[in-house]
Amino acid sequence: MIAFVNGAVAALTPNLAVIEVGGVGMAVHCTPNTIAGLRVGEQARLATSLVVREDSLTLYGFADDDERQVFELLQTASGVGPRVAQAMLGVHTPDALRVAFAAGDAKALTAVPGIGPKGAQKLLLELKGKLGAPAPVVGAQRAVASGPAPWTEQLTAALIGLGYASREAEEAVVAVTPQAEAAIAAGGAAPVPQLLRAALQSLNRAR
């Protein structure tokens with residue numbers, strides 16, 4: 001198993017990072033949140049999980065070991081493969097998932113693309129207690145910070161990481177804000193991966 005990769009970031013796409021390791025470019029599938037923390041030409045260390053199939057070897061990358069562990073634990077549930085597990089981590093942090101499972105919060109799980117109400121209930125039954133307890137929230141962490149919503153920060157950082165200027169990133173965020181607000185109004189979370197794709201489409205149209 002490849003536990004991590006460490007090297008210069010050679011290229012980035014919305015869901016893939018190419019990390020140069022010993023002269024070899026390793027294609028690593030990542031969530032938009034992880035991509036947002038990378039910059040082309042800079043050094044990066046990603047925890048990784050290698051998924052082996054009969055016809056493919058796919059490397060998934062994570063910001064830290066905790067995220068990788070949750071990714072692998074999620075796949076112990078029936079019907080959850082690496083893509084669904086990565087989508088869950090694209091919408092929720094590991095601790096947010098722990099909170100959702102501890103509280104039996106099916107609504108939080110249905111915010112993940114591809115997971116419906118029945119699937120969410122099934123996951124709650126199969127995975128409750130397996131992810132461990134969430135980290136305690138104390139002091140300032142309880143306060144709700146003013147300023148941009150978390151999804152706007154994630155999206156802006158991801159676009160800048162892909163090489164767009166701050167002004168372009170901000171304009172793209174404005175363009176997809178109605179889509180994000182509609183998702184939130186429907187009782188879900190802002191779907192960052194879909195918003196990133198929509199933002200890239202708006203930037204391509206503008207050029």
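What you see is a predicted model, and the numbers here were worked out from it, not measured in a lab.
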- prompt: Short question: side chain of Thr31, backbone of Gly90 - any donor-acceptor pair under 3.5 Å?
  reply: no

message: Do Val5 and Val18 land in one hydrophobic cluster if side-chain heavy atoms of ILVMFWY residues count as linked below 4.5 Å?
response: no

Nearest-0.5 Å distance that lies between atom CG in Leu123 and atom OG1 in Thr110: 11.0 Å

- prompt: Do the non-hydrogen side-chain atoms of Leu131 and Leu74 ever get within less than 4.5 Å of each other?
  reply: yes

message: Can you tell me how far apart CG (Leu127) and CG (Leu73) are? Round to the nearest 0.5 Å.
response: 8.0 Å

Same cluster (ILVMFWY, side-chain, under 4.5 Å), Phe62 and Leu16: no

task: Provide the closest heavy-atom pair for Leu38 versus Val9 in the form atom of the first, atom of the second, distance.
output: CB-CG2, 4.4 Å

- prompt: If you take all heavy atoms of Asp65 and Ala47, which pair is closest and at what distance?
  reply: OD1-CB, 3.4 Å

- request: Determine which pairs satisfy salt bridge (Lys or Arg N to Asp or Glu O under 4.0 Å) with at least one residue from residues 112-130, sequence neighbours left out, and list them in order.
  value: Lys122-Glu126

- prompt: Going from CG on Asp105 to CG on Leu124, what distance comes out if it is rounded to the nearest 0.5 angstrom?
  reply: 8.0 Å

Minimum heavy-atom distance between His92 and Ala108, given as atom pair plus value: NE2-O, 2.7 Å

Distance, nearest 0.5 Å, that separates CE of Met88 from CD of Gln75: 10.5 Å

message: Looking at every non-hydrogen atom in both residues, tell me the closest pair between Thr177 and Val173 and how far apart they are.
response: OG1-O, 2.7 Å

query: Do Val24 and Val28 share a hydrophobic cluster (ILVMFWY, side-chain heavy atoms under 4.5 Å, transitive)?
result: yes

- request: Mind checking ring pair (Phe, Tyr, Trp, His ring centres under 6.0 Å) for His29 and listing every partner two or more places apart, or none if nothing turns up?
  value: Tyr60

query: When you look at Leu109 and Phe101, which way does the side chain to side chain contact (heavy atoms under 4.5 Å, CB included) test go after all the steps?
result: CA-CA 9 Å; Leu109 298 183; Phe101 281 106; 4.0 Å; yes

- prompt: Checking side chain to side chain contact (heavy atoms under 4.5 Å, CB included) for the pair Cys30/Leu46: CA distance, chi angles, key distance, verdict?
  reply: CA-CA 9 Å; Cys30 304; Leu46 295 176; 4.0 Å; yes

- prompt: What do the steps show when you test Ile2 against Met26 for side chain to side chain contact (heavy atoms under 4.5 Å, CB included), and what is the final call?
  reply: CA-CA 11 Å; Ile2 302 173; Met26 307 285 285; 4.0 Å; yes

message: Is there a side chain to side chain contact (heavy atoms under 4.5 Å, CB included) between Asn15 and Ile35? Walk through the geometry before answering.
response: CA-CA 7 Å; Asn15 58 10; Ile35 293 290; 5.9 Å; no

message: I'd like to know if Leu195 and Val112 are part of one continuous hydrophobic network [Ile/Leu/Val/Met/Phe/Trp/Tyr, side-chain heavy atoms within less than 4.5 Å].
response: no

- prompt: At their closest point, which heavy atom of Leu89 faces which heavy atom of Asn33, and how far apart are they?
  reply: O-ND2, 4.1 Å

Rounded distance (nearest 0.5 Å) linking atom CG of Asn6 with atom CD1 of Ile19: 9.0 Å

task: Report whether Leu59 and Leu57 are members of the same hydrophobic cluster (ILVMFWY, side-chain heavy atoms less than 4.5 Å apart, transitive linking).
output: yes

- prompt: Going by the salt bridge (Lys or Arg N to Asp or Glu O under 4.0 Å) test, which pairs reach into residues 31-50, not counting sequence neighbours?
  reply: none

- prompt: Between the main-chain N or O of Ala199 and the side-chain N or O of Ser202, is there a donor-acceptor pair closer than 3.5 Å?
  reply: yes

statement: Closest non-hydrogen contact found for Pro113 with Val91 is CD-CG2, 4.0 Å

- line: Rounded to the nearest 0.5 angstrom, the OG-CD distance for Ser166 and Glu171 is 11.0 Å

